[in-house]
Amino acid sequence: MSILSVTGVNKRFGGLKALDDVNLNVEEGTVHAIIGPNGAGKSTLLNCFVGRLTPDTGTVLFNEKSLIGLAPHEINQAGVSRVFQTPEIFSDLSLLENVMIPAFAKSNGAFSLNAWQSVEGQTSINEEALEGLKDVGLDSKATMLASQLSRGDKRRLELAMCLVQKPKLLLLDEPTAGMARADTNNTIDLLKKISGRGLTMVVIEHDMHVVFSLAQKISVLAQGHVIVEDRPENIKGNPKVQEAYLGGAHL
Ligand code: ADP
Ligand code: MG
């Protein structure tokens with residue numbers, strides 16, 4: 001069954017057609033990669049899934065319900081979480097506090113100072129947040145300030161902040177961007193572990209090693225249009241894909 005179904009999505013920025021009749025189906029429980037040259041429209045598409053942008057036309061269904069017109073927090077509460085291209089964390093807070101915020105928001109729907117101040121409420125949120133840090137291997141750094149983390153650890157922290165919300169669909173925009181090989185491999189292992197639990201993921205990624213290690217399905221976006229959607233083994237040799245990448249990144 002499709003958990004995310006995208007049909008005929010178009011998005012213009014003035015004279016630029018950033019998304020051109022995009023169709024995409026993400027099967028529940030799979031890792032679906034979106035690849036394509038720089039400027040192909042990948043981040044724009046993800047922004048249309050999380051309510052940061054509204055498509056000009058087209059439909060985006062999550063579990064058969066339309067996401068169009070919903071606010072980002074409503075989409076998040078429906079079960080869609082996103083790891084951004086640049087980590088969005090609270091630099092001046094500890095790792096534990098960073099993860100407590102989304103854990104708290106999830107369990108209460110919204111911030112409520114009373115619940116935040118209750119001892120029982122805080123203890124369970126605290127435990128949940130620590131569990132989230134453990135999940136990504138950051139529990140030993142729980143009291144450190146987020147600003148002190150390496151780039152790779154910041155991304156792991158952001159992942160913990162998503163996972164603690166127990167999403168049904170996780171969207172990742174270039175999760176290994178700027179990472180050295182060892183960190184990239186750790187991230188691949190971590191994402192494999194998470195996908196092994198059945199969490200559906202959509203991953204935008206430049207690094208083909210990451211894409212081919214994780215994805216069961218790949219959509220190739222070029223100039224705002226999905227030119228191929230297929231299994232990884234059929235992507236590499238596809239002449240349309242080779243052509244899209246000419247002059248840009250290489251497969
Ligand atoms: P990708 O993530 O594949 O590199 P983007 O989705 O970021 O590509 O961008 C697709 C195209 O849309 C690019 O030409 C980019 O310059 C343009 N674009 C993206 N966001 C905006 C915006 N907010 N306003 C105007 N143009 C934008
Ligand atoms: Mg992008």
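Note that ligands are numbered from 1 as they come in the structure, with each ligand's atoms numbered from 1 the same way.
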Minimal non-hydrogen separation, Pro72 against Gly51, with atom names: CG-O, 3.6 Å
Counting both backbone and side chain atoms, is some N or O of Phe13 under 3.5 Å from an N or O of ligand 1? no
Hits for side chain to side chain contact (heavy atoms under 4.5 Å, CB included) against Ala71, two or more places apart or cross-chain, chain-then-number order -> His73, Glu74
Here the atoms of ligand 1 under 4.0 Å from any heavy atom belonging to Ala18 are 12 (O)
Look only at interatomic distance and state if Gly41 has a nitrogen or oxygen under 3.5 Å from any nitrogen or oxygen of ligand 1. yes
Of all residues at least two apart in sequence or in a different chain, which pass the side chain to side chain contact (heavy atoms under 4.5 Å, CB included) check with Ser140? none
Please say whether Ala40 places an N or O atom under 3.5 Å from an N or O atom belonging to ligand 1. yes
Identity of the nearest option to atom 6 (O) of ligand 1, non-hydrogen atoms only, from Ile35, Leu46, Thr44: Thr44
Under 4.0 Å, heavy atoms only, figure out whether ligand 1 is touched by the backbone of Ile204, its side chain, both or neither. neither
Heavy atoms, side chains only, cut-off 4.5 Å: are Asn25 and Glu229 in contact? yes
Find the distance between CG (Leu170) and CG (Leu159) and round it off to the nearest 0.5 Å. 6.0 Å
Side-chain heavy atoms of Leu19 within contact of Cys48, under 4.5 Å: yes
Any N, O or S atom of Ser43 closer than 2.8 Å to the Mg ion (ligand 2): yes
Given Gly15, Gly224, Ser43, Ala222, which one has a non-hydrogen atom that is nearest to atom 2 (O) of ligand 1? Ser43
Tell me whether Gln242 contacts the main-chain N or O of Lys236 through its side chain, where contact means a donor paired with an acceptor under 3.5 Å. yes
Under 4.0 Å from any heavy atom of Asn38, which atoms of ligand 1 are there? 4 (O)
Which of the ligand 1 atoms, numbered from 1, are nearer than 4.0 Å to a heavy atom of Leu16: 11 (C), 12 (O), 14 (O), 17 (C)
Tell me whether Gly36 reaches ligand 1 (any heavy atom closer than 4.0 angstrom to a ligand atom). no
Just checking, any donor-acceptor pair under 3.5 angstrom between side chains of Glu205 and Thr176? yes
